[in-house]
Number of protein chains: 2
Amino acid sequence: MNYQHLEYFLKAAEYQHYTRAAEHLHITQPALTKAILGIEEEIGAPLFMKRGRNIELTKYGKIFFDYARRSLEEINHGISAVKHQVNSDLNTVNLSALCSINTTFLPKKSAQFHLAYPDCSLNITFKYTTAIIKDVSNYNSTFGLCGEFDNESEYTSLEKILLYTEPVKFVISRNHPLAHKKSVEAAELKNQPFAVYNVSTNGTNRLLYELCDGAGFRPKTLTAAYNDYGLINEVISNQCISIVSYTFYKQFQSLGFTELHIATSIPLIQKIYLVWVRDANLSPVARGFREILMSK
Amino acid sequence: MNYQHLEYFLKAAEYQHYTRAAEHLHITQPALTKAILGIEEEIGAPLFMKRGRNIELTKYGKIFFDYARRSLEEINHGISAVKHQVNSDLNTVNLSALCSINTTFLPKKSAQFHLAYPDCSLNITFKYTTAIIKDVSNYNSTFGLCGEFDNESEYTSLEKILLYTEPVKFVISRNHPLAHKKSVEAAELKNQPFAVYNVSTNGTNRLLYELCDGAGFRPKTLTAAYNDYGLINEVISNQCISIVSYTFYKQFQSLGFTELHIATSIPLIQKIYLVWVRDANLSPVARGFREILMSK
DNA sequence: GTCATTTACGTTTATCGTAAGTATG
DNA sequence: CATACTTACGATAAACGTAAATGAC
């Protein structure tokens with residue numbers, strides 16, 4: 001069975017006349033005859049009968065007609081739905097990014113994008129580094145904007161490029177016991193609860209582990225969040241310590257947290273990378289967005 | 001697009017594994033790959049993406065899946081519906097017959113048929129000769145049992161065979177002015193209203209026209225009925241004259257009508273024919289039923 | 001090195017058009 | 001004899017299987 005031939009059947013049923021139906025289908029009349037004979041063979045019943053020198057539907061043809069029509073309708077709707085989605089995707093860039101990027105960097109770039117591509121959409125979801133690179137790997141997002149991770153042993157299909165670096169800060173609730181200290185040693189954090197990103201050894205989590213390693217302990221991670229807003233919430237309501245970018249810190253410090261200054265030689269800096277799947281063929285819009293992100 | 005290939009797609013989507021899906025489909029794995037690539041080309045979007053050394057549905061594949069499933073379901077239901085109808089038709093004989101045949105002849109033959117074919121059905125509709133031969137010509141009925149008609153100039157595709165003859169009677173309402181006359185001349189019927197079969201020059205209508213022709217007038221036909229019950233109804237309620245078979249007359253004369261004896265040399269007899277389409281290929285059951293009708 | 005998908009290639013099958021054949025009015 | 005469906009036949013394209021290649025673990 002063949003959708004083309006079903007179309008032939010529907011047209012033949014509509015006109016009850018092979019020659020005219022064949023004209024409208026842009027095929028020859030014998031081709032139509034053979035196609036119908038093929039369907040008849042397959043369903044085991046005649047679809048048309050001769051009436052004088054014309055044809056008309058048999059009762060089997062009448063029964064079959066509605067099913068055939070609905071079946072064709074369904075598959076055509078399916079094709080339309082996919083084509084529509086493809087078309088919409090061609091005009092949409094999906095981005096998975098760190099919250100901190102939305103404080104200063106992304107708003108500017110987003111504005112540039114919308115000016116350059118007024119008919120296109122930019123979908124942004126805010127997550128943490130490990131989740132972002134998963135999104136990109138899974139093709140859930142075309143691009144990722146995230147912190148440090150290792151794409152030479154693990155995520156080898158990903159391409160990353162350093163966009164900029166930004167300072168990060170340890171933060172605590174204003175009414176936390178350590179909040180009034182001018183500076184604390186890393187070792188003092190040994191039994192403090194941390195709010196970190198869910199099962200991640202990338203981004204700022206990596207910085208925390210490095211710091212604690214240097215002081216000879218593993219940080220006590222109390223809760224896991226999915227983005228910086230989640231971390232801040234834990235810091236304020238559950239007396240946790242966490243790490244956020246300087247720009248994020250500045251924008252939200254009124255919420256009730258403050259900086260915890262740590263005496264350490266480790267540079268409290270986060271690298272921000274742009275990430276994509278190396279062999280993915282990007283739409284023109286996606287390529288344009290990448291240009292915008294990489295421009296000064 | 002091709003239903004076979006859609007099935008392939010559904011199985012591949014189900015297993016998310018070409019090799020296993022191909023096994024279940026009894027085709028080779030490269031054939032499956034090519035079929036999927038063909039659909040992808042046609043709908044303009046990838047259906048599967050590689051995930052490690054396996055495959056999984058893309059978002060387009062997921063969108064397309066439900067439409068494809070419903071489309072296949074629909075066409076399979078269509079095929080089932082036709083096959084079911086074919087099967088049921090193989091066990092059913094459709095007969096279009098005169099009412100008079102149901103008084104003595106048909107009940108016997110029907111009983112014989114059901115004894116011989118206990119799992120088969122006999123559908124009978126009661127009409128008048130012209131309608132019966134139309135039913136048979138249109139393949140609405142396999143057989144017809146009707147009166148005289150001309151199949152040598154007009155209905156040349158029909159085969160007819162004389163089964164028997166039966167006397168017919170002119171009938172009138174008991175309170176009709178002519179009801180008490182012992183016998184009337186044909187000429188006396190000139191201004192009487194007749195109940196006849198709808199636009200028919202076959203069967204008993206033919207007899208009536210022949211009789212009136214001989215007396216030099218055209219009968220005044222007041223109403224048209226579709227079978228003998230309709231005629232009788234007109235005879236009783238509208239004071240019409242009509243013609244029914246002797247057996248019918250005997251069975252229903254209690255309803256309020258009586259015989260009108262006409263003085264004529266024309267034999268008041270109707271020939272009863274069995275009719276079918278000459279080249280129709282009859283099912284075994286239909287052939288068996290014909291044997292029963294034609295047997296003594 | 002094994003498992004899984006893709007590509008290459010030759011064989012078989014299906015589709016379609018041209019042209020001749022058959023049947024109807 | 002014109003109209004309309006059917007059959008015959010050859011060219012083109014599609015479908016499928018075998019075998020080799022690529023890629024992931």
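Naming: A, B, ... by sequence-line order, numbering from 1 per chain.
The nearest whole Å value for the distance from the NZ atom in A/Lys34 to the P atom in C/dT13 is 14 Å. The nearest whole Å value for the distance from the CG atom in B/Leu37 to the P atom in C/dA8 is 12 Å. Counting to the nearest Å, the C1' atom of C/dA4 and the CE atom of B/Met49 are 17 Å from each other. Whole-Å rounding puts the A/Glu41 CD to D/dT7 P distance at 12 Å. Spacing between atom NZ of B/Lys50 and atom C1' of C/dA4 amounts to 7 Å, rounded to whole angstrom units. When the P atom of C/dT15 is taken as reference, atom CD1 of A/Ile36 falls 12 Å away, rounded to whole Å. For the pair A/Asn54 CG and D/dT6 C1', the computed distance is 15 Å after rounding to whole Å. Rounded to a whole Å, the CD atom of A/Glu42 is 11 Å from the P atom of C/dA14.
If you check C/dT5, D/dC5, C/dT15 against the side chain of A/Asn2, the one that comes closest is C/dT15. Of the listed nucleotides (C/dC16, C/dT6, D/dT7), C/dT6 has the atom at the smallest distance from the side chain of B/Gln29.
Less than 4.0 Å separates DNA chain C from at least one heavy atom of each of the following residues of residues 4-26 of chain B: B/His17, B/Tyr18, B/Thr19.
A donor-acceptor contact shorter than 3.5 Å is absent between the side chain of B/Ser71 and the backbone of B/Tyr67. Between the A/Glu42 side chain and the A/Met1 main chain, a donor and an acceptor come within less than 3.5 Å of each other. Here the side chain of A/Thr58 pairs a donor or acceptor atom with the backbone of A/Gly61 at under 3.5 angstrom. For B/Asn205 (side chain) and B/Tyr197 (main-chain N/O), a donor-acceptor pair under 3.5 Å exists by modelled atom type. Not a single donor-acceptor pair under 3.5 Å links the side chain of B/Ser88 to the backbone N or O of B/His84.
Position along DNA chain C of the nearest nucleotide to A/Ile27 versus A/Arg51 favours A/Ile27 as the more 5'-ward residue.
Using a 4.0 Å cut-off, no side-chain N or O of B/Thr33 falls inside it from OP1 or OP2 of C/dT5.
By the 30° and 60° cut-offs, the orientation of the rings of A/Phe9 relative to A/Phe64 is tilted.
Using a 4.5 Å cut-off on side-chain heavy atoms (C-beta onward), A/Leu57 and A/Phe48 make contact.
Ionic pairing of A/Glu73 and A/Arg70 is not present here: no N-O contact between side-chain nitrogen and carboxylate oxygen is shorter than 4.0 angstrom.
Relative to the axis of its first five pairs, the axis of the last five pairs of the helix from C/dG1-D/dC25 to C/dG25-D/dC1 sits at 20°, rounded to 10 degrees.
Of all the heavy atoms in B/Trp276 and B/Val136, the pair that sits closest is CA-CG1, 3.7 Å.
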